[in-house]
Structure formats: structure tokens, C-alpha cells
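Just below is one structure, and these are the notes that go with it.
Note that these values count all heavy atoms, side chains included, but never hydrogens, waters or copies made by symmetry. In the text below, chain A, chain B and the rest are named by the order of the sequence lines, each starting its count at 1.
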Amino acid sequence: MPELGVRVGQLSSEEQLSVIIFPAGLEFEQDILLFKVPSRHGAPHSYFKDNRVPIRPRPAKNRTLQGGRHPLPLPLQPLVLHLNPMETTSNLLSQRREKAEALAQDGINLFSNSFTAPQAVADILPKGDLLQAEAHEESGTTYRLAGRIMSMRKFGKAAFFHLQDSSGRIQIYVRRDTLGVETFAHFKKWDVGDIVGVEGKLFKTKVGETSIVAREVVMISKSMRPLPEKFHGLTDVETRYRQRYLDLIVNPATRETFQKRVEIIRLVREFLNNRGFMEVETPMMQPVPGGATAKPFKTHHNALGMDLFLRIAPELYLKRLLVGGFERVFEINRNFRNEGLSTRHNPEFTMLEFYQAYATYHDMMDLTEEMISWLAAEITGSMELSYQGTPVNLAPPWRRLTMDQALVQIGGVDQALLNDDAAIFALVREKGIELQPEAGPGKAKTELFELLVEEQLIDPTFITSYPTEVSPLARRNEEDPTVTDRFELFITGREIANAFSELNDPVDQLQRFEQQINERGDDEEIHPVLDHDYVRALEYGMPSAAGEGIGIDRLVMLLTDAPSIRDVILFPHLKPELREQGKEEAQAEA
RNA sequence: GGGUCGUUAACUCAGCCGGUAGAGUAUCUGCCUUUUAAGCAGAGAGUCGCGCGUUCGAGCCGCGCACGACCCA
């Protein structure tokens, strides 16, 4: 077996990178060449197509491969292969391109802008409507539809396809003797995935499917890529998240989920507007990230020469509006937290916050119960639903427990321990929870609650009387200052809402901010900075008030039975996938 | 951050003990004017995620990396 040398040669054309293969040590007069597409990874990839032995030269210009490793059955005589780039790159994409070019050469506009004002499929085909038309017979008015071809059954001189628009799907019947020979010939180059316009009358097929027999068909946008398979669809979750447009095209359930999401947010606005709340917009970029304890994203404003933070909560701005005299305000917008990702956490998520003057957290509980049970009925048609196989009953009234009651009744903690700080710390250690040294008994109780109780709260449950220690912005309870007038709402073991009677005593607020900073001051990532302006605002006087935050994404998950927050966010954050980028660029170059 | 699993044709997936990469759909060619997972006949299509190693030989074994899913922290 001869030794072989492989050398990366020069581009023989714009599209071909040639690789010269020659038996090492042999004299030869003619280059032996080989081909294939340049890779964007730097190293050209090539292989010897005839015998399928891969050769992978490195970017390093010359490299000798050991003979024994690569038993290439190369002839000792020089060999010249001429490979046509069109042949070697033949694939689905180029086939579509060729088809499109053929249509274009026949004068067909592949991206026509002239088919306007179509009707909606749903207007023609209301659900359950049985058409009056007799089978096999055209009747009624002419309809005009536009949408994407989702399936295609071609015959020699006729075809059926399904057209999908944002409202639904309808079958279209195409015949050569209706369209004319020329148009039908063009039509036969249409593919699943193309966006087209159709005009024609209704009829019923043999098996009774209401369809439209096309009198006219127009190409609106030629698709250059094949859609995922019709039967199994697109199931790869990574592709579904990265290429959400594809997911939306082929998976009706995805479309429904996001339609429901939009509807939920619309209904929330309606609910609050009807109760006199006004929607406001407060800064997403804040010089002092406040209103929650979380790691913020940092950015920089060049002209002002200052760092800004994407907000972790709108709370402090909304309460400034209470000071300003807007007595009922709400905001639905994104919050950003620079923390881990999970099935329940996305770095940006949508939060509803609302504030009502002259109200208490008890009013918020009533309002929340009413709003969410109403939403469920509107969206799912029932207050009893199933989340990931677990039945959940949202019908009011909802259970209300203090944290201590929940620890005893659900967590199985001995009532006697609750007023004994030492015993609580002992139990925490016994459960293997690690606490910061400065953590007090309130923090310890909260940790126990999260461990022992939280995930068992399936049906909606308000947990009240949160320790003051873990509630820096909430008003103290007037009878027991160690707890606050606060609740969190849990459904399916997850926190859905957090609300409290607002702290409006500027002296108390300043002290709590200072205490927070003393505890967290060394944590640069949390950036605890005292918001002096907020304290100043309180000094002017803020009405007594209650406020609440509801995680919209988690609420949508609940009402759409979505297992992951990524299923209810159109474009969830993913790490960039280099391989895909490479493919795209290679294709763009080709 | 740790563990488990996954990554093979455009899509959905097989691939045994390490021995020339397979199917269905999609695509292409031919036939086909009521089909609907249309049908019949034929054909083409692969960087087996990436890299290194072991081996005469790696989709398969080892190590590392990337991306994703789930669980844990």
C-alpha cells in the first residue's frame, strides 16, 4: 500500500475547493483533484465519493497520512475527477431553487404582492357547519382565500391540497380543465409550504369534506425549504424553540397555546380596567434595581455615562404613582433576572403588578380569587382543570392559611416548635437546609415552608403572615410585628402570586432598606443600593394600599397545561447552536 | 454546579457482538381528474453533533467538548 499525501489546494472555482490527492513519493505531471464544498469550520471537508473513504485534511497546509490507516485503493496512475458542483450539491434546497427558477423564467412572480384582501377560512367554514351544497356540485358565491399549502395530493390532471391561514384549514380542489393547461402546468411545480391565493366556489367531495374548487390560483410566496413531515410533525423540542415559526406552522397545539396566552393577557386587562385600574408603563432600565431580591442584568448608557440595570420588578415605580395620586394602577411587562434557567424560570418573564389605594391584602385575595377563576372559565370553559395529569379546582373560595398553620397542617411540623427559635433552627439543620449565618427564625421558617409544604399546595391556597424578615416591602401586622400583612398564592405547588399591604412608613422603610444592605452589601451581583428617591416619595405620604404581582407565564402554563415555561414564551432563551449557524452560512454561500 | 438520557437523510425514527449506513414521510421521474397519512413503478439524497484516542477497521468502545431534555443543588 503506498503512502498517501493529501494537500489542500486552491479554489478551482468560487464554489469548489480542490483537494489534491497523490500517492506520496510518486512523480506525476497532472494534478489529481477532488472536490467538495468548503466548510465554514475552517477545515475543508472532502471525501472520495467513489469508495467512501473519508479524507479530512487539516487547515495545516500539508499533512501526510500513514498508509496503513487509510487503505485508499488509489491507482498508481494519476487520476483526474471532474465533478460538477451542481451535481455534487444536489439536494432538497437546490431542487426547490431550480423549481422556483423555472417558474420565474415562465414569468411567474414568486413573491407577488397583488393578491390582497382575502377572506378567512373560519368565515367560510365555521366549526360544525354542514354545508348546504350537494356533493360534487359547485354552488354559492365565489370565495377568495390566501394561506400556506400544508398537504398536497397530486394526480395527473388534478390535485387536492389543504390551505392553512391563521383561522383554519380548508381543502382546495384543482383541475386542469378548470385552470387551463398553462396555469395547471405551473401549479404542478407548487410545493407544500408555498403561500398561495385561491379563488373558487364551495363544493362537497365524495366523502363530504367541504372544499373549494379553484377557478384561479396565484403564487404569493414560494417556499425554498421543505416543511417537517406531515404525519409526525415537528417534535424535537430544541428545533421547536429555536425555529418557533416552524412550530407555529405545523403544530396547531402550539398556535393554540399562544393564542390563549394573548387572550389571557387581554382578559386580565379587561378585568382590571373594569375595576378602575389604569395601565401604566414604568422604566425597564433603572439606575437602582429594586422591588425584589434578584441578580439584575447590567447595561450602560453612553451619553449619560452611567450604568443602568434591566428591572427586576416595577414595584417601586408603581408605588411612586400611588404617591402621585393614581389610586389604581397596573403594569404588564417584562422583568429580567440574571439567574438560572429551568422549566419555571426564563431570564425575562412577564409580570403583572397592580396596586390599589385604600385596600388591604385581604382585598387582593378576593380580587385574585375572582380574577383567576374567571380567567380559567373564560379560557378553558371550566374552573376545574387538569395540569399535567393532576386535577386542579379553581372554584372559589380558596383555602387561606397562615404560614404557621401550613407548616403544622401540611408540613407536619409540631405546633409547639413554632414559637421556639432554637427548635426551628434545629429542625432546619435536621432537614439539611443550609442557612446564611445572619438568617433569623423568619428565614428559617420560610425555608421549612418551601421544603415541606410548597409542592403539596395543588388547589389554590393563599399563604399569609409571612415573616417580616423575608418581606422588606410589606407592611407589618399591627398585632404581631414579626409577620407582615402579606400572602403568596400557590397553585400546583408553584408560586403564582405575591401580594401585601404596602409599607408606607418612610422611617420603617428606610430602616429595612438599610438592614437589607447590611446583610447583602457584600454581594455585588445583587447590587443592593438604597433607593433614596423612593424613601423621599414615601415621605410625601403614600396612601394605605395593597399591591400584588402575578407571574403571567406561570399562569399561562397553568391554563394551557404547559409543562415548561418555554412552551408559553414564543422565543425562549437558548444557547447559540454553532452547527446550525454553520449550516446556514454554508447554504448562504452555496 | 452535579447526575441521567439524547444528538444518524429535510422530518419521524431503526441500526444486533465493532466489519460497505437503513425505513417511512418528504423530494425527483413515469402513470393517474373526488383525494385526504391518495395509490402504483422506479430513482436520488448522510460531516452518523464536534474533536482526540483505541483498533486492520468506529454510528457502535474510551476521553474531552458543544447543544438539548429531565432530575438534583
Side-chain angles (χ1 to χ4, degrees), chain A residues 1 36-47 49-56 58 66-71 73 87-99 135-138 150-162 169-179 184 187-189 191-193 203-211 213-214 223-243 246-247 249-251 340-343 432-434 451 563-564 566-567 572-583 586-587:
Chain A
M1 190 67 67
K36 192 163 169 187
V37 287
S39 156
R40 40 104 42 196
H41 292 299
H45 293 283
S46 48
Y47 60 87
K49 207 173 173 80
D50 288 348
N51 56 24
R52 304 252 172 188
V53 176
I55 296 175
R56 293 191 178 139
R58 302 300 152 58
Q66 296 308 309
R69 293 278 180 79
H70 295 272
E87 286 170 3
T88 56
T89 59
S90 167
N91 57 30
L92 295 172
L93 294 186
S94 59
Q95 276 174 354
R96 287 247 172 150
R97 244 190 330 258
E98 285 162 19
K99 227 189 246 189
H136 301 248
E137 202 174 295
E138 293 180 44
M150 297 305 292
S151 64
M152 177 72 85
R153 294 170 292 281
K154 284 177 184 168
F155 301 84
K157 301 180 186 64
F160 287 91
F161 65 89
H162 274 101
R169 252 180 217 211
I170 190 169
Q171 182 171 257
I172 311 292
Y173 180 39
V174 171
R175 294 159 45 125
R176 192 175 72 172
D177 51 12
T178 309
L179 286 186
F184 189 79
F187 165 79
K188 291 203 88 173
K189 289 197 165 61
D191 296 301
V192 171
F203 79 112
K204 262 192 178 179
T205 64
K206 241 186 215 169
V207 293
E209 178 169 354
T210 301
S211 309
V213 56
S223 168
M224 299 297 185
R225 286 176 186 269
L227 288 181
E229 192 219 20
K230 61 186 173 189
F231 189 56
H232 297 93
L234 181 66
T235 61
D236 180 77
V237 290
E238 188 173 347
T239 309
R240 288 182 47 222
Y241 296 153
R242 287 188 195 282
Q243 296 179 265
L246 264 190
D247 189 23
I249 290 169
V250 301
N251 289 326
L341 286 72
S342 78
T343 49
I433 299 169
E434 287 181 23
L451 181 70
S564 167
R566 289 177 160 182
D567 294 319
H573 286 283
L574 297 172
K575 292 188 182 181
E577 219 281 276
L578 292 174
R579 192 170 60 91
E580 287 302 318
Q581 284 181 2
K583 280 185 181 174
Q587 282 160 2

Pairs under 3.5 Å (N/O, protein and nucleotides 30-32 of chain B):
from: rC32(B); atom 1: N3; to: Gly156(A); atom 2: N; distance (Å): 3.3

So which protein N/O to nucleotides 69-73 of chain B N/O distances come out below 3.5 Å?
from: rA69(B); atom 1: OP1; to: Arg566(A); atom 2: NH1; distance (Å): 2.2
from: rA69(B); atom 1: OP2; to: Arg566(A); atom 2: NH1; distance (Å): 3.1

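For the P atom pair drawn from rU12(B) and rC17(B), the interatomic distance equals 27 Å after rounding to whole Å. With C1' as the reference atom, rG22(B) and rC16(B) are 14 Å apart, rounded to whole Å. Between the C1' atoms of rG18(B) and rU25(B), the separation comes to 31 Å (whole Å).
Contacts of Arg175(A) with the nucleic acid, taken as non-hydrogen atoms under 4.0 Å apart, include base atoms. Residue Gly233(A) is in sugar-phosphate contact alone, with no base atom involved, counting any heavy-atom pair closer than 4.0 Å across all strands shown.
The phosphate of rU35(B) has neither OP1 nor OP2 within less than 4.0 Å of any side-chain N or O from Thr205(A).
Side-chain atoms of Glu209(A) and base atoms of rU35(B) include no donor and acceptor less than 3.5 Å apart. Contact of Asp177(A) with rU33(B) (side chain to base): a donor-acceptor pair of N or O atoms is detected under 3.5 Å.
With sequence neighbours excluded, the residues that form a side chain to side chain donor-acceptor pair (under 3.5 Å) with Thr239(A) are Asp236(A). Take Gln171(A) and apply the side chain to side chain donor-acceptor pair (under 3.5 Å) test, not counting sequence neighbours, and it matches Arg153(A), Ser211(A). Evaluation of the ring-ring contact (aromatic ring centres under 6.0 Å, His included) rule for Tyr241(A) yields no partner, not counting sequence neighbours.
Each of Thr343(A), Leu341(A), Val237(A) was checked for a side-chain contact (heavy atoms from CB on, under 4.5 Å) with Arg566(A), and the lone residue meeting it is Leu341(A).
Taking the side chain of Phe203(A) as heavy atoms from C-beta on, and the options rC67(B), rU34(B), rU12(B), the nearest nucleotide is rU34(B).
Taken together, the paired segments of RNA chain B that extend over three or more consecutive Watson-Crick or G-U pairs, each closer than 3.5 Å at both contacts, are B:1-7 with B:66-72, B:10-13 with B:22-25, B:27-31 with B:39-43, B:49-53 with B:61-65.
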